[in-house]
Amino acid sequence: MPEERTYDFRSVERAWQRRWEDERIYVARDDDPRPKYYALEMLPYPSGDLHVGHAKNYTLGDAIARMQRMRGYNVVHPMGWDAFGLPAENAAIQRGADPETWTRSNIENMRRQIRLMGTGYDWTREFATCDPSYYRWNQWFFIRLFEKGLAYKREAPVNWCPVDRTVLANEQVEDGKCWRCGAEVERRNLAQWNFKITDYADRLLAGLDRLDGWPERIRAMQRNWIGRSEGVTFSLDVENVDARIEVFTTRVDTIYGVTFVAVAPEHPVVAKIVERFPKTRRRIEDFTATLRGKGELERTQLMEKTGVPTGAYAINPLSRERVPIWVTNYVLAEYGTGAVMGVPAHDERDFDFAKKHGLSIAQVITTPDGSLRAPLAQAYVEDGKLMASEEYSGMKSAPARRAIAARLEAMGRGTTTINYRIRDWLVSRQRYWGTPIPIVSCERDGLVPVPDDQLPVLLPRGVAFTGQGSPLANDPAFVNTTCPRCGGPAQRDPDTMDTFVDSSWYFVRYLDPHDAKASFDRAIASRWMPVDQYIGGAEHAVMHLLYARFFYKFLVDEGYVDGDDEPFTRLFNQGTLLYGGEKMSKSRGNVVGIDDTVEKYGVDAMRLFLLKAAPPEDALEWTDEGIVGRVRFVQRVWRGAEPLAGVARAIPLDRLPEMRGERQRELVRALHVALESGKNETETRRFHYNVTTAKLDEVVNLLTAAVREADAASDPAVLYVVHALPIVLAPFAPHLADELWSKLGYERSVHLERWLDPDPQALATDAITLVVQVNGKVRARIPVAPGIAEDAAYELAMAQSTVTAQIDGKQVRKRIFVPDKLLNIVAA
RNA sequence: GGGCAUGUGGCGGAAUCGGUAGACGCGCUGGAUUUAGGUUCCAGUGGGGCGACCCGUCUGAGUUCGAGUCUCAGCAUGCCCACCA
């Protein structure tokens, strides 16, 4: 039996959600004259059901978008679906579900749940990346990249996940394991499509310096991933073999300490040496066999450093010494040149290897004071002073590097080189549920792009999901086609694109989502870009966020969008939601559902809890008790304000009300403290609305007390706060705010109102508390008038027994006076 | 091993600048109201002491009139990177 004054959140919340959509209050217009603000949460994958962990992410984005809208911005806040991907296809294999049907029904459910949370999205911009009208432009951009030489197909050792049965990009291998399923990744030689992200390495790095609206942690992770290192690449002749070995080193100052050359088993020189020295063939092949199929993790980290001598020798170009060439497991074929100079005295890895295989160790760097002498117990890897290095002996490392680099360059043997750890983005996937790669392979014409007017290359329906081989490769009707150039028989590429391609430009498509003639309109996109506030978890630090930055630079370079080539001006990393101490996730089985929570406690209570419990960047523990406090808050607001709803219409909020006494002053001040907090948290982009909502508690607590007074209904200050309250609540508890606002007699939604500016006069106080310290310890708090002079304050302080008792008999040495705040008396 | 964070009551957390430590909420305790009350209202709630007081922000040093805040060292936790030559 609901009591008269109980706020019935169930019916109220649903009614407002309907009205907001009917009135299209979140639809952003391109021609709106107000300054634009693009708020965006990372594109969700429609996995099925939302839990309150998702709600945490969307609630923050929604509060920011609502706040900025009320602060006078033309806000665009879109939502859509990252709809391609493996789970849909796995459901097809396991349960016979059609991936599209499965995905679409998940989208339906998640859209319903997101609406249930009352988030103010502009649904007119919604799309799913599996819509042909979207992925068509994936294909179109793929061809543009291909034309510029930025998409290329190449056979190389790649990461293969045996469980998901597809290749993976380097970024998608974590600790040698597949980022999705955790299976140990294998190495395979396959011909695959790559995007040349390495061409953008320096710009991706330089751009990070400008992104001061990004968490430093994410920038550091990207810098680390790109991994720029400066050094020298030089070549060594191989004795009696017609070949040279190129090596890359950042420590060319240690070149006189080279005692061996280590090469990766895949290095081409190995074949030439084997040809020249057939007796070593067996040994090398046996060794290589032990490594075959082993992932990079196993080869480079789990296994001990090992190797076999090839029997050949390389010549140090400066010292002319001959040093043995070894095939080893610790040199990566893909990084640098696939070969390194071995300097055991000054490199830990080389030291270990030399010790194990009895290779000599030649010290060529000593400490600046020259005290360090062989035999070395471990590698000395610091810079120092050169020794045993001919004319360079005695030089410091840094100048020696420059001098030796110049000498090698003059000899025509070397160049200074910048090497990057990042590798090209491998985008082919041997799976069905993704964007088909729009390239046809013709025996005569080679790789031919599908003409633009034949896009999209549609995913065929009704293919068989056997779990054996790629569905597209097994479908002759799809694969067999004619060459667009010569008309002869040709084959379609049977692979689909990495779904990270889909999410690399979706944020631009939102701005012109229904364009059938182009990916998006240049003028419209340029008006809205870049994204002003991007919100998402840190798990995409070196995947999505790096790919999207690369892709957007390409879009700007090619003139598809004008303006800065960084797409996300500011990035906010949400903390995860924990439940029972663990991250809330479906796979852990510790989820708290949205539907149940909303039904039991209400949307606004859920939103307020998620905002209030912790700063948004921190991990937050969900508790069923904690949300009860927010349910109480919602009810308290209603019980406090609603009874006064009919008393007065249209209280002016642009000026302060008459305040009859200190209680009224305090109440109005509390409101303005909350307004100021909301403003500051938004402007500084800290978004610590946990503090702002705490200030709202104080307002409501004071209001509840004031309303109990007999004359509350005729008190201008109380009525002023009642009328202002919906505005300050609106970004955080949007339904409660609008319900109260309409009860107060206003026709238009409160979300179309202006946020109120905190009034300095309301924030000012006419009595302040002066803290009196003796030797830094608080001894008294005296109420004083603002602006009190030091001498007057001192006199008041010395009238306090708690102060004089501490000074008792001591000499006052010093007085520290902070106006209106503190007086510290130093006595000894 | 390297890098970056973080460390405050029983719990989540507050505390622009170095200036009243613990706002606000949960929980707990006591009281009120109610036929009843799991989501009502009020009050109290860092520890110690009867007490004017003493102690207290991971530990230890330091700077300062004054340190949760700054510096150094250590410990703990979390995240990221980890044979990249």
Side-chain angles (χ1 to χ4, degrees), chain A residues 3 5-6 174-175 215-221 223-225 227-229 231 247-251 254 262 296 299-301 303 305 328-332 334-343 347-350 352-353 419-423 538 541-542 600-602 605 608-609 612-615 617-636 639 673 680 684 688 690-698 700-701 704-705 708 769-778 780-781 801-802 805-806 813-818 821-828:
Chain A
E3 207 184 313
R5 278 183 182 179
T6 300
E174 293 169 353
D175 248 356
E216 184 49 46
R217 200 167 66 92
I218 303 293
R219 292 200 283 173
M221 280 165 74
R223 281 196 194 97
N224 207 332
W225 187 262
R228 179 192 152 102
S229 53
V247 297
F248 171 73
T249 178
T250 56
R251 290 299 304 276
T254 65
E296 199 170 285
R299 252 173 77 167
T300 60
Q301 288 176 48
M303 292 175 76
K305 282 181 196 56
T328 69
N329 65 340
Y330 78 94
V331 175
L332 305 172
E334 295 84 30
Y335 182 78
T337 60
V340 303
M341 62 179 208
V343 185
D347 182 282
E348 283 170 21
R349 296 151 300 182
D350 297 343
D352 290 350
F353 188 77
N419 241 310
Y420 295 94
R421 179 186 180 280
I422 190 173
R423 296 175 214 172
V542 288
K600 199 164 169 196
Y601 306 106
L608 286 166
F609 175 72
K612 155 127 200 188
E617 68 273 24
D618 286 3
L620 160 61
E621 175 79 26
W622 176 267
T623 63
D624 299 296
E625 299 85 51
I627 193 171
V628 169
R630 297 300 86 196
V631 174
R632 284 182 200 144
F633 171 82
V634 168
Q635 297 293 343
R636 200 152 49 223
R639 272 193 303 272
V673 166
N680 285 348
T684 60
H688 284 197
N690 55 317
V691 178
T692 308
T693 48
K695 304 295 182 198
L696 283 174
D697 271 275
E698 300 194 49
V700 173
N701 289 344
T704 307
R708 267 199 306 275
T769 306
L770 187 78
V771 173
V772 181
Q773 297 182 333
V774 178
N775 294 331
K777 292 204 171 192
V778 179
R781 299 181 174 96
S801 60
T802 51
Q806 294 299 322
R813 305 266 178 212
K814 203 173 174 183
R815 302 191 320 212
I816 313 285
F817 184 65
V818 184
K821 229 172 198 169
L822 171 135
L823 175 69
N824 186 13
I825 299 166
V826 185

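Reminder, nothing fancy here: chain letters follow the sequence lines and each chain counts from 1.
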A.B. asks: Begin from the C-alpha positions of A:V771 and A:L823 and carry the test side chain to side chain contact (heavy atoms under 4.5 Å, CB included) through to its verdict.
C.D. replies: CA-CA 6 Å; A:V771 173; A:L823 175 69; over 6 Å; no

A.B. asks: Should A:M341 and A:T254 count as side-chain neighbours, where that means a heavy-atom distance under 4.5 Å?
C.D. replies: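 The answer is yes; the side chains approach within 4.5 Å.
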
A.B. asks: What does A:V631 touch in the nucleic acid at a heavy-atom separation under 4.0 angstrom: a base, only the sugar-phosphate, or nothing?
C.D. replies: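 Result for A:V631 = base.
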
A.B. asks: Does A:E348 have more than 12 heavy atoms from other residues, nucleotides or ligands lying within 6.0 Å of its CD?
C.D. replies: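 No.
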
A.B. asks: What closest approach, in Å, do A:Y601 and A:V628 show between heavy atoms, and which atom pair accounts for it?
C.D. replies: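 Reported closest heavy-atom pair: CE2-CG2, 4.3 Å.
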
A.B. asks: In whole Å, what separates the P atom of B:rU16 from that of B:rA23?
C.D. replies: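 Going atom to atom, P in each nucleotide, I get 15 Å.
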
A.B. asks: Partner lookup for B:rG1, please. Criteria are Watson-Crick or G-U wobble with both distances under 3.5 angstrom; report none if nothing qualifies.
C.D. replies: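 Per the H-bond distance test, B:rC81.
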
A.B. asks: Could you state the atom-to-atom distance from CG of A:L823 to C1' of B:rG66 in whole Å?
C.D. replies: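 My rounded result for the distance is 12 Å.
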
A.B. asks: Taking only N and O in the side chain of A:Y335, is any of them less than 4.0 Å away from OP1 or OP2 of B:rA85?
C.D. replies: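 For B:rA85, OP1/OP2 do have a side-chain N/O of A:Y335 under 4.0 Å.
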
A.B. asks: Can you work out whether A:R217 or A:G336 has the more 5'-proximal nearest nucleotide on RNA chain B?
C.D. replies: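 Result: A:R217.
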
A.B. asks: Report yes if a side-chain nitrogen or oxygen of A:R632 is closer than 4.0 Å to either non-bridging phosphate oxygen (OP1 or OP2) of B:rC26; otherwise report no.
C.D. replies: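 Yes, such a contact exists.
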
A.B. asks: If you look at every strand shown and take non-hydrogen atoms under 4.0 Å, does A:T684 touch a base, only sugar-phosphate, or nothing?
C.D. replies: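 Result for A:T684 = nothing.
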
A.B. asks: By the 4.0 Å heavy-atom rule, please label A:V340 as base, sugar-phosphate, or nothing.
C.D. replies: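 Counting heavy atoms under 4.0 Å across all strands, the contact made by A:V340 includes a base.
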
A.B. asks: In whole Å, what is the span from the CZ atom of A:F633 to the P atom of B:rC41?
C.D. replies: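 It works out to 13 Å between those atoms.
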
A.B. asks: Taking A:S229's backbone N and O only, do any of them form a donor-acceptor pair with A:N419's side chain (distance below 3.5 Å, no angle check)?
C.D. replies: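 No: the side chain of A:N419 does not pair with the backbone of A:S229.
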
A.B. asks: CD1 of A:I816 to CD1 of A:I825: how many Å apart, nearest 0.5 Å?
C.D. replies: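 Rounded to the nearest 0.5 Å, the CD1-CD1 separation comes out at 11.0 Å.
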
A.B. asks: In whole Å, I'd like the distance from the CH2 atom of A:W622 to the C1' atom of B:rC26.
C.D. replies: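 Rounded to whole Å, this separation is 13 Å.
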
A.B. asks: CZ/A:R781 to OG1/A:T802 distance, rounded to the nearest 0.5 angstrom?
C.D. replies: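 That separation rounds to 10.0 Å.
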
A.B. asks: Are A:S229 and B:rA85 close enough that a side-chain N or O sits under 4.0 Å from OP1 or OP2?
C.D. replies: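 Answer is yes, contact under 4.0 Å.
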
A.B. asks: What integer distance in Å separates A:D697:CG from B:rC24:P?
C.D. replies: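 Going from A:D697 (CG) to B:rC24 (P), I get 9 Å.
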
A.B. asks: Check the distance between B:rU40's P and A:R639's CZ and give it to me in whole angstrom.
C.D. replies: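 Atom CZ in A:R639 sits about 7 Å away from atom P in B:rU40.
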
A.B. asks: Under 3.5 Å for both donor-acceptor distances, Watson-Crick or wobble: does B:rC17 have a partner, and if so which one?
C.D. replies: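 Checking every strand shown, B:rC17 finds no partner, since no pair has both distances under 3.5 Å.
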
A.B. asks: By the rule that syn is within 90° of 0, classify the base conformation of B:rG62 as syn or anti.
C.D. replies: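 For B:rG62, whose glycosidic angle is more than 90° from 0, the conformation is anti.
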
A.B. asks: Taking B:rG10 as the reference, what is the distance to B:rU59 when you measure between their P atoms (whole Å, please)?
C.D. replies: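 That atom pair is separated by 14 Å.
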
A.B. asks: So do the side chains of A:D697 and A:R636 get within less than 4.5 Å of each other, counting heavy atoms only?
C.D. replies: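 SC-SC contact between A:D697 and A:R636 confirmed.
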
A.B. asks: For a quick check of understanding: with a heavy-atom distance under 4.0 Å over all strands, which category does A:G227 fall into, base, sugar-phosphate or nothing?
C.D. replies: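 Nothing, no nucleic acid heavy atom in range.
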
A.B. asks: Could you tell me how far apart A:N701 (CG) and B:rC26 (C1') are, to the nearest whole angstrom?
C.D. replies: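 Distance check: A:N701 CG to B:rC26 C1' gives 14 Å.
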
A.B. asks: Could you give the CG-to-C1' distance, from A:D624 to B:rG25, as a whole number of Å?
C.D. replies: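 Interatomic distance, CG of A:D624 to C1' of B:rG25: 16 Å.
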
A.B. asks: Pick the C1' atom in B:rG13 and in B:rU57, then give their distance to the nearest Å.
C.D. replies: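 Taking atom C1' in both B:rG13 and B:rU57, they lie 13 Å apart.
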
A.B. asks: Can you give one letter per nucleotide of nucleotides 12-20 of chain B, 5' to 3': B if a protein heavy atom sits under 4.0 Å from the base, S if only from the sugar-phosphate, - if neither?
C.D. replies: SSSS-B-BB

A.B. asks: C1' atom, B:rU63 versus B:rA52: distance in rounded Å?
C.D. replies: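 It works out to 34 Å between them.
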
A.B. asks: Would you say A:R630 places a side-chain N or O within less than 4.0 Å of OP1 or OP2 belonging to B:rU39?
C.D. replies: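 So the side chain of A:R630 is outside the cut-off, no N or O lying under 4.0 Å from OP1 or OP2 of B:rU39.
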
A.B. asks: Send over the distance from A:K777 NZ to B:rC54 P, rounded to a whole Å.
C.D. replies: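 Nearest whole value for this atom pair: 6 Å.
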
A.B. asks: Suppose you measure atom C1' in B:rA85 against the same atom in B:rC79; what distance do you get, rounded to whole Å?
C.D. replies: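 The answer is 27 Å between these two C1' atoms.
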
A.B. asks: How would you label the contact of A:R708 with the nucleic acid (heavy atoms, under 4.0 Å): base, sugar-phosphate, or nothing?
C.D. replies: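 The answer is sugar-phosphate, as A:R708 gets under 4.0 Å only of primed atoms, P, OP1 or OP2.
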
A.B. asks: Under a 3.5 Å cut-off for both distances, is B:rA43 Watson-Crick or wobble paired, and to whom?
C.D. replies: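 The base-pairing partner of B:rA43, which may sit in any strand shown, is B:rU29.
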
A.B. asks: For the P atoms, the ones on B:rG60 and on B:rU69, what distance do you get once it is rounded to whole angstrom?
C.D. replies: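 One P to the other, the span is 13 Å.
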
A.B. asks: Taking the side chain as every heavy atom from C-beta outward, state whether A:H688 and A:E617 have any atom pair closer than 4.5 Å.
C.D. replies: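 Yes, at least one pair of side-chain atoms sits under 4.5 Å.
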
A.B. asks: In whole Å, what separates the P atom of B:rU29 from that of B:rC65?
C.D. replies: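 Here B:rU29 and B:rC65 have their P atoms 48 Å from each other.
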
A.B. asks: Identify the nucleotide, in any strand shown, that forms a Watson-Crick or G-U wobble pair with B:rA67, with both distances under 3.5 Å; if there is none, say none.
C.D. replies: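 Partner of B:rA67: none found under 3.5 Å.
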
A.B. asks: If I pick the C1' atom on B:rG22 and the same atom on B:rU39, what distance separates them, to the nearest angstrom?
C.D. replies: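 Result for the C1' pair: 27 Å, nearest Å.
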
A.B. asks: Assuming nearest nucleotide by heavy-atom distance, tell me which of A:A805 and A:T623 is located more 5' along RNA chain B.
C.D. replies: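 Between the two, 5'-proximity favours A:T623.
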
A.B. asks: Write down the partner of B:rA76 under the Watson-Crick or G-U wobble criteria, each distance required to be under 3.5 Å.
C.D. replies: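 Here B:rA76 is engaged in a pair, and the nucleotide opposite it is B:rU6.
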
A.B. asks: Where is the tightest heavy-atom contact between A:A262 and A:Y330, given as atom of each residue plus distance?
C.D. replies: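 Scanning both residues, the minimum pair turns out to be CB-OH, 4.2 Å.
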
A.B. asks: Within 90° of 0 counts as syn, otherwise anti: where does B:rC17 fall?
C.D. replies: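 Nucleotide B:rC17 adopts syn.
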
